[in-house]
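What follows is a single structure, written as structure tokens, with notes after it.
Since we're looking at a predicted model, the values are computed, not measured. What you see below is based on every heavy atom in this structure, not just the backbone, and it leaves out hydrogens, waters and symmetry mates.
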Amino acid sequence: MSGSSRLPVSLRDTFNARRSSANGQLVALNIDVLRNIIFILFVLRWTRITFYQLKGRGIFGSISDLYINIRRYFYGVFLRLPGVRDKVQVQVAESLLKLERKLVPSGPGVERITSLPAEGWSEEEVRKKLGELADMEHTRWEDGRVSGAVYHGGDELIRLQTEAFGKFTVANPIHPDVFPGVRKMEAEIVAMVLSLFSAPEDAVGVTTSGGTESILMACFSARNKAYKERGVSQPEMILPETAHTAFRKAGEYFKIKIHLVACKAPSYKVHLPSVSRLINPNTILLVGSAPNFPHGIIDDISGLSKLAYKKKIPLHVDCCLGSFIIPMLPKAGFEFEPFDFRLPGVTSISCDTHKYGFAPKGNSTVLYRSDVFRKYQYFISPDWSGGVYASPSIAGSRPGALIAGCWASLVKQGENGYLDACHQIVGGMKKIEAAVREKPELAPDLKIIGRPLVSVVAFLSNTLDIYDIADGMSEKGWHLNALQNPPAIHVAVTLPIVAVVDQLIEDLVSVTEDVREMERRRIAEGKAAKGAVKGDTAALYGVAGSLPNKSVVVDLAKGFLDTLYKA
């Protein structure tokens, strides 16, 4: 009976064939559905990207971006052609050799230490060598010949800092129980700096090794906050093109897409409508400078604050260069613009204590409106075999001596000391600005960029090669900052510069007249009114400003960094 219930072989084969066919059709259908889903997701993703690209840059802006990228690509291909590549490499090698000769001592009598001495030197030998190294030929920052770089609070303060170093040479704040004094000083530094920036009661901060680390930490915190609270996995931030390049470093380090916004003449401030258009669901941070490094201009922080507050996006204000000068402007009676925690959209501020706080190099702070923001920059590893590890910033071990030097500087100067410095430094900047705007020997050819209010004044020229002027000032012993996009020069006024402002202006007049005379000779010789870019400064910045592809300049910059480590 059981055998009779079975299907005939032919029917069973037919049934199995049809079932296999149905299964195959179902698999094919599932594959088609999956393919369609993937295609739809692909289309949606690129539709979204295209939408925000057009929203942020507009049709013409997007076409311009595409053109620039294509132009750079093909120019890069051109530079890699055998004949061109060889010529470029020869020019780069010549420039680097010239740079090496300038930076790396060589020749008879030059001692190079490339391995440990077989026997340790005596203290007297070490002191003698230190004296020789300190006295190597250099641009005389001591005489006020260097723009920025050395933010000197005076010989008295340096002696006090050296004493503070000596007391805390071995101190490390990673061990607060071993060095309680360092922990106390660090907390007090943060509290003192917060008080300068109108911080609310629950505001917090940390000290860092410098402005770059402060900026990196603010970006890192914003990225982590957006990921944890909003699930943003492709973070983007919007910054003025004049914002410090540390923001671009943060973008590269932390995989944050950067949107640069133009800062056009005549204000040279960030263009707020462009910022607004670029905001999208992936935006984790807006940025403004107070002031920016290139031109010394304070961005429209009030406008950025309103935008950030409305969109519920963090806003970081970079006051690294403004340091202790910008919060003193109103008390000193100078014109100022709102920039700090009094603006509700401002969520973090970076301030370098080692600039106009006159602390030893290697000191800065990053401040947050509340711990809601700071906690995202912390690193905590609870399950390491060495024990629970927690650090507030990038470094683990940190020099307590630097913290001691910073604390000593702040309490020694006090509010009255910083107010006096503000009067001198901003007064010096305004004197240079007035000379460029008003002196008949300068005004026809040099133009001030924007409306500087703090310590930096920048100027360009529409009639003369500004890099020739930079080189001319270098020949007279000045170390000024050459800029690009647009080509310009800036002076970051420090206390040493204040003492020689009149000499700087006199030399600027003399050099400008020399360059003007060179132009007259060119015209008299039947040449074009603007001569070829010449000189060391121009060779670097002029190339960077004129070539659509930066690869040659990148090679020069890499070679420069390599040269720094040649013994």
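- Using a 3.5 Å distance cut-off with no hydrogens or angles, the side chains of Ser323 and Asp352 do not pair a donor with an acceptor.
- A distance-only check finds no donor-acceptor pair linking the side chain of His152 to the backbone of Val150 [under 3.5 Å].
- In terms of heavy atoms, Val275 sits closest to Ile238 at O-CD1, 3.8 Å.
- Using a 4.0 Å cut-off between a side-chain N of Lys or Arg and a carboxylate O of Asp or Glu, Glu337 and Lys269 qualify as a salt bridge.
- Of all heavy-atom pairs between Pro338 and Ile301, the closest is O-CB, 3.6 Å.
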Does the pair Ser350 and His316 meet the rule for a side-chain hydrogen bond (donor to acceptor under 3.5 Å, both in side chains), with working shown? CA-CA 8 Å; Ser350 47; His316 181 81; 2.9 Å; yes
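- When the shell of 6.0 Å around NZ of Lys129 is examined, it contains more than 12 heavy atoms from other residues, nucleotides or ligands.
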Hey, mind stepping through Met473 and Glu475 against side-chain contact (heavy atoms from CB on, under 4.5 Å) and telling me if it holds? CA-CA 5 Å; Met473 293 297 285; Glu475 289 170 7; over 6 Å; no
Walk me through it: do Ser461 and Asp445 pass the test side-chain hydrogen bond (donor to acceptor under 3.5 Å, both in side chains)? CA-CA 6 Å; Ser461 178; Asp445 293 300; 5.1 Å; no
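- Comment: Glu433 engages Arg437 in a salt bridge, judged by a side-chain N to carboxylate O separation of less than 4.0 angstrom.
- For the pair Asn481 and Val491, the minimum side-chain heavy-atom distance is 4.5 Å or more.
- In summary, Arg369 and Asp202 do not engage in a salt bridge, as defined by a charged side-chain N under 4.0 Å from a carboxylate O.
- The two residues His354 and Gly362 come nearest to each other via the heavy atoms ND1-N, 3.0 Å.
- When each of Tyr151, Phe324, Tyr418 is paired with Tyr356, the ring pair (Phe, Tyr, Trp, His ring centres under 6.0 Å) condition holds for Tyr151 and for no other.
- Side-chain polar atoms of Glu186 and Thr207 form a donor-acceptor pair below 3.5 angstrom.
- Atom OH of Tyr253 has 12 or fewer heavy atoms from other residues, nucleotides or ligands within 6.0 Å.
- Inter-residue side-chain proximity for Ile313 and Ile279 is flagged as met; some heavy-atom pair is nearer than 4.5 Å.
- Glu188 has a carboxylate O that lies under 4.0 Å from a charged side-chain N of Lys184, or vice versa, which qualifies the two as a salt bridge.
- For the pair Lys249 and Thr212, the minimum side-chain heavy-atom distance is below 4.5 Å.
- At most 12 non-hydrogen atoms from other residues, nucleotides or ligands lie less than 6.0 angstrom from CH2 of Trp407.
- Around OH of Tyr378, the count of heavy atoms belonging to other residues, nucleotides or ligands within 6.0 Å exceeds 12.
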Between Ser214 and Thr208, is a side-chain hydrogen bond (donor to acceptor under 3.5 Å, both in side chains) present by the stated rule, with each step listed? CA-CA 6 Å; Ser214 292; Thr208 69; 2.7 Å; yes
Candidate pair Phe197 and Phe341, rule ring-ring contact (aromatic ring centres under 6.0 Å, His included), full reasoning: CA-CA 6 Å; Phe197 290 90; Phe341 286 118; 7.6 Å; no
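- For Glu156, the CD atom counts as loosely surrounded, since its 6.0 Å shell holds 12 or fewer non-hydrogen atoms of other residues, nucleotides or ligands.
- Using a 4.5 Å heavy-atom cutoff, the side chains of Pro344 and Ser305 are in contact.
- In this structure, the side chains of Leu343 and Val346 come closer than 4.5 Å at one or more pairs of heavy atoms.
- Between Arg374 and Asp371 there is a salt bridge, with a side-chain nitrogen of the basic residue lying less than 4.0 Å from a carboxylate oxygen of the acidic one.
- The two atoms that bring Pro235 and Arg223 nearest to each other are CG-CG, 3.8 Å, heavy atoms only.
- Heavy-atom minimum distance, Ile489 versus Ala470: CD1-N, 3.6 Å.
- Phe168 is linked by a ring pair (Phe, Tyr, Trp, His ring centres under 6.0 Å) to nothing, counting only residues two or more places apart in sequence or in another chain.
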Full working for side-chain contact (heavy atoms from CB on, under 4.5 Å) between Val498 and Lys431: CA-CA 10 Å; Val498 168; Lys431 194 168 187 178; over 6 Å; no
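- Gln377 and Ser393 are not linked by any side-chain donor-acceptor pair at a separation below 3.5 angstrom, with hydrogens and angles left out of the test.
- Each of His295, Glu241, Arg451 was compared with Tyr268 under the side-chain contact (heavy atoms from CB on, under 4.5 Å) criterion, and only His295 meets it.
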Decide yes or no on side-chain contact (heavy atoms from CB on, under 4.5 Å) for Leu239 and His244, but give the supporting numbers first. CA-CA 9 Å; Leu239 51 138; His244 197 279; over 6 Å; no
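- In this structure, the side chains of Val509 and Lys439 come closer than 4.5 Å at one or more pairs of heavy atoms.
- Between Ser409 and Gly357, the closest heavy-atom pair is CB-O, 4.1 Å.
- Among the candidates Asp300, Leu304, Asp299, Ile297, the single residue satisfying the side-chain contact (heavy atoms from CB on, under 4.5 Å) test with Pro240 is Asp299.
- Counting heavy atoms from C-beta outward, Lys225 and Ile284 have side chains that stay 4.5 Å or more apart.
- For NZ of Lys306, the number of neighbouring non-hydrogen atoms (other residues, nucleotides, ligands) closer than 6.0 Å is 12 at most.
- Checking side-chain atoms of Asn363 against main-chain N and O of Thr353 turns up no donor-acceptor pair under 3.5 Å.
- In summary, Asp155 and Arg159 do not engage in a salt bridge, as defined by a charged side-chain N under 4.0 Å from a carboxylate O.
- Aromatic ring centres of His490 and Phe459: separated by at least 6.0 Å.
- Checking Ser474 against His479 by side-chain atom types alone, no donor-acceptor pair falls below 3.5 Å.
- Using a 4.5 Å cut-off on side-chain heavy atoms (C-beta onward), Val454 and Leu321 make no contact.
- Between Asp340 and Ser198, the side chains place a donor N or O and an acceptor N or O closer than 3.5 Å (distance only, hydrogens not considered).
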